[in-house]
Protein chains: 2
Amino acid sequence: MVNAIKIPQFEVIKQYVRGHINSGRWAVGARISSENELAVSFSVSRMTARRALQELAQEGLLTRAPGLGSFVAEPVLAKPSLEIHNIVAIAQSKGTYSCQVLSLEQIPADAELADLLRFEIDQSVYLARFLHFDGSKAVQWQEIYVNPKVAPAFLKQNFTKVVPDEYLEWIAPSGHVHHQVGAVLARPSQRRALGLTEDSQTACLQITRVCSRGSIVASLSKLVHPASLYQLGTT
Amino acid sequence: MVNAIKIPQFEVIKQYVRGHINSGRWAVGARISSENELAVSFSVSRMTARRALQELAQEGLLTRAPGLGSFVAEPVLAKPSLEIHNIVAIAQSKGTYSCQVLSLEQIPADAELADLLRFEIDQSVYLARFLHFDGSKAVQWQEIYVNPKVAPAFLKQNFTKVVPDEYLEWIAPSGHVHHQVGAVLARPSQRRALGLTEDSQTACLQITRVCSRGSIVASLSKLVHPASLYQLGTT
DNA sequence: CAGTGGTCTAGACCACTGG
DNA sequence: CAGTGGTCTAGACCACTGG
């Protein structure tokens, strides 16, 4: 006996059921054997058969209903999703991160901004622009609007030592973060900052990030990345 | 007694443990009560206490190890992810979808394409270009390379009646789908097809999608969307 | 060694569904 | 009504970890 790894009984039953579903022997919507039937077939207790079906239900292969039975679930093609990897965090972990402060100011919110931040019009907002580097390469242009009530000392920070987003997360952990991804053309100032020369390079991925807690918006960032440097991927 | 909904015992224990973790009374990494201890404390059987801890472990709040115990897990901030919503499927469900075939051809794979498709160089590949409409508006430009071995009859389909991707999924269900999102500038032909006039509108979101099964690549699509029409979002 | 979590049993009671 | 899944019990044996 080489490598006699013990396979749990509930796993055997799961494989059996999975096999019948994947091969199509049990059609979508069809009722499958009950816990009791499986328990008898496999000579196990009901709790063991139950565990198999339960886990398959949690994996989305089965639907179960008291009084009715277990049914082959509609095959839900795993909805593809993209991880947003933070290019700044990556540079930091490599130790090659640096940040250039382009501007720090306090402005009154115009109508559009007030709407986005759930502010009153003309309420004062911090506006900062940063250029984030990985080594000598500018990888992200950031424009961030900050709620002064959440981070009153924001403009006084030394952003060559503290990453803006980390500072905000530190003093006011955000409950919800909303992301939106789109494509934009680099504006001339952005093009210069990011070192984009040819017209063909000016396509940028823009991530709009809103950090909020409850009904209070803490910050809104626009992150612009040269398309040549930044891609979102999945499998 | 109004609305005396029965709360299962394992749920009570889960709430108890969750409370101690969220409030910080049990620090990250700390060992928590064992199954046996909880069973005694709550006057339940070990299987019930076990279920509570097991489910919390699956939710990522606990780490468990035989012989050692259960520990408060590192709080993993839910990594933000983007759903890729299929603009074509949306138009279909609205009943306003239509498709225009721009080209259908068979070409030999050049070096780059052969690499992407895991093909031999000069092996024959189907290449098709489509323009997908939602009503009278062109919402997606698609360029798709198809493996003739997977879908030999691909070029003979009537794509005003069948969506290319659905046809492929139908005759050869793909095991893995890989997506990549980037920003591109619309090429002149794409700009014309998508009805983009001003230069400022030519920023496009491009999704590269590779469908494969095992080591065989079935198709590779480049989907180009005007940035004004297509955004990816999350919460 | 005593304690941990992982698997498993043979029972039990329950609310619920269909015929 | 008999059957279903949901909850629960009081036992059991196991491989594993630390002291």
Side-chain angles (χ1 to χ4, degrees), chain A residues 1-18 20-21 26-74 76, chain B residues 1-18 20-21 26-74 76:
Chain A
M1 278 289 180
V2 182
N3 236 344
I5 302 172
K6 203 172 60 177
I7 293 181
Q9 315 228 54
F10 71 85
E11 201 56 62
V12 174
I13 301 178
K14 282 179 74 174
Q15 288 305 342
Y16 167 81
V17 175
R18 240 198 286 266
H20 276 70
I21 292 178
W26 289 347
V28 170
R31 184 168 161 233
I32 74 165
S33 316
S34 71
E35 297 178 354
N36 283 314
E37 288 164 352
L38 286 171
V40 172
S41 303
F42 286 85
S43 300
V44 297
S45 76
R46 191 192 137 209
M47 282 296 272
T48 299
R50 172 179 178 70
R51 176 165 179 183
L53 297 191
Q54 187 114 74
E55 294 189 1
L56 289 172
Q58 195 161 18
E59 291 169 24
L61 268 113
L62 297 178
T63 306
R64 284 151 67 73
L68 292 175
S70 302
F71 304 84
V72 178
E74 208 76 39
V76 185
Chain B
M1 276 293 179
V2 183
N3 235 344
I5 302 173
K6 203 173 60 175
I7 293 182
Q9 314 229 55
F10 71 86
E11 201 56 61
V12 175
I13 301 179
K14 283 178 75 173
Q15 288 305 341
Y16 168 80
V17 174
R18 242 199 285 264
H20 276 69
I21 292 177
W26 289 347
V28 169
R31 183 168 163 233
I32 74 165
S33 315
S34 71
E35 297 178 354
N36 284 313
E37 288 164 352
L38 285 172
V40 172
S41 304
F42 286 84
S43 300
V44 298
S45 77
R46 193 194 136 209
M47 281 296 273
T48 300
R50 173 180 177 68
R51 175 164 178 184
L53 297 191
Q54 187 113 75
E55 294 190 2
L56 288 172
Q58 194 160 21
E59 291 169 23
L61 269 114
L62 298 178
T63 307
R64 285 151 67 74
L68 293 174
S70 303
F71 304 84
V72 179
E74 209 77 40
V76 186

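Side chains included, hydrogens not; waters and symmetry mates left out as well; all remaining heavy atoms used.
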- Query: Atom CZ of A:Phe42 and atom C1' of C:dT9: how far apart are they, to the nearest Å?
  - Reply: 17 Å
- Residue-phosphate contact under 4.0 Å: B:Arg64 side-chain N/O, C:dT4 OP1/OP2: no
- Item | Ring geometry between A:Trp26 and A:His20 (parallel below 30°, tilted from 30 to 60°, perpendicular above 60°) | tilted
- Whole Å only: how far is the CZ atom of B:Arg46 from the P atom of D:dT7? 19 Å
- Any side-chain heavy-atom pair from A:Leu38 and A:Tyr16 closer than 4.5 angstrom? yes
Pairs under 3.5 Å (N/O, protein and nucleotides 14-16 of chain C):
none

- Item | Of the listed nucleotides D:dC8, C:dG5, D:dT4, the one nearest the side chain of B:Ser34 | C:dG5
- How many Å lie between CD1 on B:Ile7 and P on D:dC8, as a whole number? 11 Å
- Item | Verdict with reasoning, A:Leu62 to A:Ile21, per side-chain contact (heavy atoms from CB on, under 4.5 Å) | CA-CA 9 Å; A:Leu62 297 178; A:Ile21 292 178; 3.7 Å; yes
- Note on the structure: From CG of A:Asn36 across to P of D:dG6 the rounded distance in Å is 12 Å
- Query: Hey, which of B:Glu55, B:Gln54, B:Gln9 is the one that makes side-chain hydrogen bond (donor to acceptor under 3.5 Å, both in side chains) with B:Lys14?
  - Reply: B:Glu55
- Residue-phosphate contact under 4.0 Å: A:Arg50 side-chain N/O, D:dG6 OP1/OP2: yes
- Verify, without hydrogens or angle tests, whether A:Arg18 (side chain) and A:Leu56 (backbone) share a donor-acceptor contact under 3.5 angstrom. no
- Nearest-Å distance, CG (B:Leu62) to P (C:dT4)? 15 Å
- Touch class at under 4.0 angstrom, heavy-atom based, for B:Arg51 against every strand present: sugar-phosphate
- Contact under 4.0 Å: B:Arg31 side-chain N or O vs C:dT4 OP1/OP2: yes
- With a 4.0 Å cut-off on heavy atoms, is A:Glu37 in touch with a base, just the backbone sugar-phosphate, or nothing at all? sugar-phosphate
- Message: Working note: B:Lys6 + B:Glu11, criterion salt bridge (charged side-chain N to carboxylate O under 4.0 Å, His left out); need CA distance, chi angles, decisive distance, verdict.
- Response: CA-CA 10 Å; B:Lys6 203 173 60 175; B:Glu11 201 56 61; over 6 Å; no
- Run the numbers on B:Val17 and B:Leu61 for side-chain contact (heavy atoms from CB on, under 4.5 Å), then give the verdict. CA-CA 9 Å; B:Val17 174; B:Leu61 269 114; over 6 Å; no
- Message: Taking the minimum atom-to-atom distance to the side chain of B:Thr48, which one of C:dC8, C:dG5, D:dC8 wins?
- Response: D:dC8
- Message: If I take atom CD in residue B:Gln9 and atom P in nucleotide D:dA10, what distance separates them, rounded to the nearest angstrom?
- Response: 11 Å
- Task: Report yes if at least one side-chain N or O of B:Ser70 is closer than 4.0 Å to OP1 or OP2 of C:dT4; otherwise report no.
- Result: no
- Message: What is the separation between atom CD1 on B:Ile32 and atom C1' on C:dG3, rounded to the nearest whole Å?
- Response: 15 Å
- Item | Minimum heavy-atom distance B:Ala39-B:Ala49, with the two atoms named | N-CB, 3.8 Å
- Task: Check whether any side-chain N or O of B:Ser45 sits under 4.0 Å from OP1 or OP2 of D:dG11, and answer yes or no.
- Result: no
- Query: Should the heavy atoms of other residues, nucleotides or ligands under 6.0 Å from CD of B:Gln15 be counted, would the total exceed 12?
  - Reply: yes
- Per nearest nucleotide of DNA chain C, the residue lying toward the 5' end, A:Pro8 or B:Glu35, is B:Glu35
- Query: Does CD belonging to A:Glu59 count more than 12 external heavy atoms closer than 6.0 Å?
  - Reply: yes
- Item | Runs of at least three consecutive pairs that involve DNA chain D, where pairs are Watson-Crick or G-U with distances under 3.5 Å | C:3-16 with D:3-16
- Query: Taking for each residue the nucleotide of DNA chain D bearing the nearest heavy atom, is the 5' side occupied by A:Ala65 or by A:Met47?
  - Reply: A:Ala65
- Calculate the interatomic distance between B:Gln58 atom CD and C:dG6 atom P; express it in whole Å. 12 Å
